[in-house]
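One is the number of the first residue; the rest follow in order along the sequence. Counting convention: from 1, in listed order, for ligands and their atoms alike. Side chains are part of it too, since the values below use all heavy atoms of this structure and drop only hydrogens, waters and symmetry mates.
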Amino acid sequence: MPESVTVTDNRTGQSIEIPIVEGGVAASEFSKLLPGIWFYDPAFGATAECESAITFVDGDEGILRYRGYPIEQLAEHSTYLEVAYLLLNGELPNETELAGFTEEITRHTFIHENMRKRFLDGFHYDAHPMGILISAVAALSTFYPEAKDISDEAARHLQIVRLIAKMPTLAAAAHRFSLGMPFNYPDNSLSFPENFLSMMRKVAEPRYEADPRLARAIDVLFILHADHEQNCSTTTMRVVGSSHADPYSATAAACAALYGPLHGGANEAVLKMLTEIGSIDNVEAFVKSVKEGHGLLYGFGHRVYKNYDPRAKIVQQLAYDVFESTGKSPLLDIALKLEEVALSDEYFISRRLYPNVDFYTGIIYQAMGFPVAMFPVLFAIPRTSGWLAQWAESLEHKARIARPRQLYTGAAERPYVPLAARA
Ligand code: ACO
């Protein structure tokens, strides 16, 4: 059986045979037969935008792998910094490499004092931390003008390290600002997740001792969120990066894409939804209203996973570990009931809608004491390593500037009508 497709233009009778390579067919080959005919694919549902060796997702089988390693094994055995190294370099680090990378990240956790005093202090007291984060990441480009030199490998590496290292600092700064609490400097004697918790939580104690169960839970959640191939924010990163913008500007754009409730804002939407449902007794009525078209069941459904989201399983288990430390969230029972009702309902079964990673993360974050507004920020911190790995890969592949086509459906040419003559 030939691994190819044959396309025939019925207007001319001309045909072209196109090989299927890595599960795709090259649009450039179609264009040879059909110049000026565009593929109509809103939301890129059937379009592979790039070749990538970073993350593998099989939505039908519920498989997620980073550089070939199953997400379940990484979540069980590795740390977020190990995973960030893996995403960026293609291989797991040996002990020396991990120690070197950890040292590099740790040395770049501080932010310029003007960033804190002048820039962050300028926000209104009730500014959303994600709005602060997006702006702060973009503002970093003004502190590191050499970041514009994206062709210099050493400069590129330095910006990658800075971004991964400073995201928790900026995130915690945004959080503390919204509480009216003083900024906590990074503590470079702590691990990545412990330092983040310290910057978020330390009040007057000289050294913040994080509960190891919570520090581990943060690390696992960071691993699960580190990359997910060509989703909305990663595509934004690649698209902005394709214009050769500096990585801070591109990461700020990716953060903005992540902010929406259909993407990284979904865990915030899940928590609001569970709070509104309020009791197990209201679950059936809520599901009925969703089926009647009144809103969405947030935390359900995924463009790619049509069987189950492997991350959701890990997060559900993690919730129990966290609740051992924090006490159980009253919303967990509502979530479990909602999952049970939806998974046995024809509407959700026929549309292949399953819990996604965000269905349980909001409950965990809330139990850990993070305000709802911080949820997308908690997603952006680890996704930064995935965005940067994808950005670096697209530069290595010498990706052309992204420039899709459109099918024009507007007015045909018509003469200008002077203002006085218009109806
Ligand atoms: N609740 C109710 N119905 C849904 C849901 C949902 N959560 N998701 C999809 N549907 C329905 C749609 O209305 C549609 O029904 P129809 O065929 O009768 O018109 C059908 O299922 C197919 O849905 P699409 O919108 O075409 O699916 P798409 O792949 O475009 O969207 C998305 C995927 C955005 C994730 C969607 O399922 C959704 O909005 N879910 C809720 C938000 C959410 O949880 N987002 C987090 C995604 S994971 C992440 O970003 C980390």
For F300 and ligand 1, does the shortest N/O to N/O distance drop below 3.5 Å? yes
Within a distance under 4.0 Å of any heavy atom of A266, pick out the atoms of ligand 1 and give their elements. 43 (C), 44 (O), 45 (N), 46 (C)
Under 4.0 Å from atom 43 (C) of ligand 1, is there any protein heavy atom? yes
Top protein contact for atom 18 (O) of ligand 1, by heavy-atom distance: R351 NH2, 3.0 Å
What residue and heavy atom of the protein are closest to atom 47 (C) of ligand 1, and at what distance? N356 ND2, 3.6 Å
So, regarding F348 and ligand 1 (criterion: nitrogen or oxygen to nitrogen or oxygen, under 3.5 Å), is there a contact or not? no
Can you name the closest pair of heavy atoms from F39 and A27 and give their distance? CE1-CB, 3.8 Å
We want to know whether T169 and T109 form a side-chain donor-acceptor pair, criterion being a heavy-atom distance below 3.5 angstrom. no
Residue selection (non-hydrogen contact nearest atom 34 (C) of ligand 1) among T361, L262, N231: L262
Please could you name the atoms of ligand 1 that R303 approaches to less than 4.0 Å, counting only its heavy atoms? 28 (P), 29 (O), 30 (O), 33 (C)
Residue and atom name of the nearest protein heavy atom (relative to atom 2 (C) of ligand 1), distance in Å to one decimal: V290 CG1, 3.6 Å
For ligand 1, which is the ligand I care about here, please tell me if P261 has any N or O atom under 3.5 Å from one of the ligand's N or O atoms. no
Looking at ligand 1, does F359 have a heavy atom less than 4.0 Å from it? no
Look at atom 8 (N) of ligand 1 and say which protein heavy atom is nearest, naming residue and atom and giving the distance to 0.1 Å. L353 CD2, 3.6 Å
For H112 and F143, take the angle between the two ring planes, folded into 0 to 90°, and tell me which bin it lands in: parallel under 30, tilted 30 to 60, perpendicular over 60. tilted
Can you find a protein heavy atom under 4.0 Å from atom 50 (O) of ligand 1? yes
among protein heavy atoms, the one nearest atom 48 (S) of ligand 1 is H302 CD2, 3.7 Å
Just by distance, with hydrogens left out, do D149 and S151 show a side-chain donor and acceptor under 3.5 Å apart? yes
Checking side-chain polar atoms at under 3.5 Å, does D219 have a donor or acceptor matched by the opposite partner on T79? no
Give a yes-or-no answer on whether the side chains of E339 and Y360 include a donor-acceptor pair shorter than 3.5 Å. yes
Among protein heavy atoms, which sits nearest to atom 3 (N) of ligand 1, and what does the distance come to when rounded to 0.1 Å? Y347 OH, 3.1 Å
For the residue pair E229 / T234, report whether a side-chain donor-acceptor contact shorter than 3.5 Å exists. no
Answer yes if a protein heavy atom lies under 4.0 Å from atom 23 (O) of ligand 1, otherwise answer no. no
Go through the side-chain N and O atoms of D211 and S325 and say whether any donor and acceptor fall under 3.5 Å apart. yes
Nitrogen or oxygen atoms of R311 and ligand 1 under 3.5 Å apart: no
Protein heavy atoms: any of them under 4.0 Å from atom 16 (P) of ligand 1? yes
Top protein contact for atom 35 (C) of ligand 1, by heavy-atom distance: G301 O, 3.6 Å
Any N/O of D358 closer than 3.5 Å to an N/O of ligand 1? no
More than 12 heavy atoms from other groups under 6.0 Å of NZ on K306: yes
Ring centres of F183 and Y185 under 6.0 Å apart? yes
Scan V83, L86, L64 and name whichever one has a side chain to side chain contact (heavy atoms under 4.5 Å, CB included) with Y69. L86
Show the atoms of ligand 1 that are less than 4.0 angstrom away from any heavy atom in G299. 43 (C), 44 (O)
What residue and atom, counting heavy atoms only, is the protein's closest point to atom 39 (O) of ligand 1, and at what distance? L296 CD1, 3.4 Å
Parallel, tilted or perpendicular, judged at 30° and 60°: which one describes the rings of Y80 and F222? perpendicular
Have a look at L297, V357, V304 and point out the one with the heavy atom closest to atom 1 (N) of ligand 1. L297
Ignoring hydrogens and geometry beyond distance, is a side-chain donor-acceptor pair present between E17 and T6 at under 3.5 Å? no
For F379, counting its heavy atoms only, list the atoms of ligand 1 lying under 4.0 Å from any of them. 51 (C)
